[in-house]
Each structure stands twice: as structure tokens, then as C-alpha cells.
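A short write-up of the structure that comes next.
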Amino acid sequence: MIESYLLKNISGYIDGQWVEADSGKTVEVYNPANGKTLANIPFMAADETKRAIAAGQSLLDSDGVPDLETRREWLEDIRDALIDEKEEIGRILCLEHGKPWKEAQGEVEYAASFFDYFAKIIDEMKPETLPEKAKDCSWTVHKRAIGVAGLITPWNFPIGMIAKKVAPALAAGCPVVIKPATETPLTMIAMFQIMHDRVDLPKGMINLVMGSSKDIGGELMSSPDVPMISFTGSTGVGQLLVEQSKDWVKKLGLELGGNAPFIVLDDADLDSAADNLIANKFRGAGQTCVCANRIYVQKSIYEAFTDKIVEKVKALRVGDGMDEDVDVGPLINKAGFDKVHDHVKDALSKGAKLVAGKHPDELDSNKNLFYTPTVITDVTQDMKCCTDETFGPLLPIISFDTDEEAVKLGNHTEFGLAAYVFGKDEKRAHKLIAKLHFGHCGYNTGTGPAAHAPFGGMLQSGVGREGGVDGLMEYVELQTVPDGS
Ligand code: ADP
């Protein structure tokens, strides 16, 4: 069992109180590196969610939205508390997710950067009076908190994903009801503990429910008091939320699946492209929605680039994220492992070559969840690793001839979250980038999102943006007030 001074309450949090599930039921959280139980968390459902929504709504009904300076202070206090507690939160995150210790610490800093950013730009919430005096009125546009926001997060960034939702929600003045992923609720509980201890938030402003996804999600979607839902997770659940949102015409922010192409042109700096690819692909053991999924390399440099990649992948150390020199941790669960395994087996059966990693016969999710980083070549578009997001440490390499072909291959997906292009000629690369249907497109970098830049998907990768001023406006309704007096 996990011991931590930030986990003295392994509970939900409603209206300023730590609470258990009404049913008394709990569910186990375990460490994917060794299968050991870390904690048993409450398994809540619709009734607890109803009370959490009511707590947020009654705060809005009684006191209204606290002023802008108060909200700025909350954000700054949360930022400072996260930085102060970085080590302990990072340790909890590493234990429940499995990602390497350093990555986990980096994720806490990343989370803090969202609170910092939204504190700095909170003046964007001030009303604006338009210069025109149409119809003999002075027109002012007020930015109103949309209301209680339902925030649903996945397990791959247990604190990063909630930071990019809760920071703009609090900046806008929206009370929140948060549902973390069942695999990684402990980091969220630790974050609630520090907000409870160190931030002067009114009761009902932040609420945490965990347990039945279907019941909690169902209540958030059917409640008229939750006008906005921000969700990060699978496209399947995202589509369900779209259906469920229709009765109340809810505003949805959806960050869904990806299938990122990584395109290396023949004039690219191959060493830099290779380093960026390794850093991008193996972060979180390949379990991020911005991880390169399909690697397209121009024919004349295909062999040279593949050789560099194979050498680097063979040097990666796999193991428990708590061990300091580990680069790649375990996969989150058996289903995640089996998906990678299935993609490798499918590709090999269709003619791909294994050039780094273990043969699938040597790997078994019943033994442990460590998947050896794998590179395959001679990959074709019909293989599962190209049509579907692998979400694990598999690098499939595909060759192409012309820039037009690279665009066609890269765009050959219904998803549109992240893409990467490497090449020295800027004009050529930007011409190609403009044709790619991906919301985030790294040029000569494999880096992912940052707090100050809007991030989100095109096509089936979702709607809305997180980060930047656009990320704040997701939690805002505009109210236009013509004043004729
Ligand atoms: P993943 O494959 O990354 O686990 P999911 O979409 O299944 O992606 O999960 C992302 C988040 O959505 C988690 O917090 C999960 O519990 C939640 N979730 C799963 N099913 C539903 C649902 N029917 N309604 C609302 N939330 C859900």
C-alpha cells in the first residue's frame, strides 16, 4: 500500500468535505510495474455526482463568481503548491502510472505551468466595450463563467491533463466536478489535498468523484446544471458524449485519439530528427496522444535514418520508473500491452521486418507489463499499426518518394491531432505542413503542447482547444449588453 502525507484521505471531495462512496464500495489501484496494490479508492456513482454538481451550482447561485483578483490568487497558490510538492506528487504519479521518475516530476512542472499561464492572462476575462455605437447604444461584451464544468481525464497524464482543464475553468470562475481515470486517481487526490490545505477556495468550487465511468459520466451529461464538459480520452467515449450532449445542447471540449505521422524529408538533419523521434515516441512508454505513430522516411535516407533509430532504441533501458536510470516504464494494463503485441504480430504476419525489440513470442502480458521498445520496417498502410493508434513503444517505419506522397500517407487517417515534419528547407516543409490536417504540427521538433499555445484536434481527434487564450474561452459564455442610457 502506498504511504504518503498527501494521501491521508483516499476519498472523493464534495462541497469542501472528504467523502466515501455511498455504497461503501471501493476499487483497487495498483502499480503497473509490479502488480502490487497501492490503494483502494471509493467507487462512486450517480448520487455522489449529483451532490457534487449541486455544490457547484449552489455556490454560483449564492455568491456568484468570485472576482478576478481572487481567482488569480487561487491559480498562483495552486502553482506554488504544485512546485513545492513536486517530488511527492511525482512519486505518487510514478507509482500509479509507471512512467520514469524524471518524466513524472516534469509532468508536475508542466501542470504548474498551466496555473501560472492562466493567472497571467486572466485579464482576458475583463469586459470589452466595442468602439462602434450601433443603434445609438454602447455595446459591452462580458465574459461570463459558463457554469459548473464537468472535467473527465485519462490516465496517461494524471496531473497534466487536469491542469489544462481546471486552470482555465477556475480562471473563468467555473466550479468543477472532476472525474479522473480509474487507473490513476491517486495523483488527483494528492492534488486535491494540497488545494484543500493551501488554497482558499470556497466550498463547492472543486469537487472530485471517482468510480463508475458510466454512472458519473451519465449524470454529468444528463444534468441541466452542467453546461460544459471537457473530456480527454478515446474517440469511442467522445462519440458517446456527443450523443449524450444533445438534450441540453452542451458545450463540449473533446481531445480524442490521434495517429501522428512523423515525416522525415531527405534534407533533414538526421541526428536531430532521430533524437526528437526517440524523445517523442518513448515518452510515457509511447502512451501519449501526441506520440509519433507512423514514421515516414524519404527513400534516399531511409536506411541511414533507420540505422540511427535502431541503435538508439536498442540502448533504451526498460524497467520500473522508480529506478533512476530507466527510460521506458511498463504499459498501463494488460489491454494496453496486448494491443501493442497485436499490432506487432499483425505487421509481421503481413511482411514487416523486426529490426529492434523482441519477437512477440518472447513477450507475454501475463508475466509483466514491460514491452521491449520495438522497430519494424517494410511497413505498409494496411497494417494495424498504421490504421490504428498503437499507444505503446512500437516504431513502424515506412518509406516514401515525393512530398506529395508524404502528405497523402500522413493524411491517411480519420484522426488529426499531432504531426511532425523534419527538413531543412523551410519553404518546402511549410508547404507540406499547410496540407496536413493535424491541429499540432511540429517543424524540426517532436515537442508536444505548451500552456500558452492552443492545442487540439481536427477531424475525429476532437473539438475545441486547450491552452492559450482559446483554452480559457472554452469556459466562457459571451454576454453582449447594448446600453442605450
Ligand atoms: P482510455 O482508453 O485512455 O482509458 P477512455 O476514453 O476509456 O480512454 O477513458 C478516458 C476517461 O473517460 C476515463 O476517466 C474514463 O473513466 C472515462 N470514461 C470511460 N467511459 C465513460 C463514459 N461512458 N462516460 C464518461 N466517461 C467515461
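Every number for a ligand or one of its atoms is a count from 1 in the order of the listing.
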- Item | Asn368 side-chain N/O to Asn34 backbone N/O, donor-acceptor pair under 3.5 Å | no
- Query: Mind checking what residues have non-hydrogen atoms under 4.0 angstrom from ligand 1?
  - Reply: Ile152, Thr153, Trp155, Lys179, Pro180, Ala181, Ser213, Gly217, Phe231, Thr232, Gly233, Ser234, Val237, Leu240
- Task: Return yes when atom NZ of Lys203 has more than 12 non-hydrogen atoms of other residues, nucleotides or ligands closer than 6.0 Å, and no otherwise.
- Result: no
- Message: Show, in sequence, the C-alpha distance, side-chain angles and deciding distance for Ile89 and Leu6, and conclude whether the side chain to side chain contact (heavy atoms under 4.5 Å, CB included) test is met.
- Response: CA-CA 8 Å; Ile89 299 176; Leu6 294 181; 3.8 Å; yes
- Message: Please verify the inter-ring angle class for Phe337 with His341; under 30° counts as parallel, over 60° as perpendicular, anything in between as tilted.
- Response: perpendicular
- Item | Whether Phe157 and Tyr110 hold their rings parallel, tilted or perpendicular, with breakpoints at 30° and 60° | tilted
- Message: Can you see whether Thr232 engages Lys165 through a side-chain donor-acceptor pair at a distance of less than 3.5 angstrom?
- Response: yes
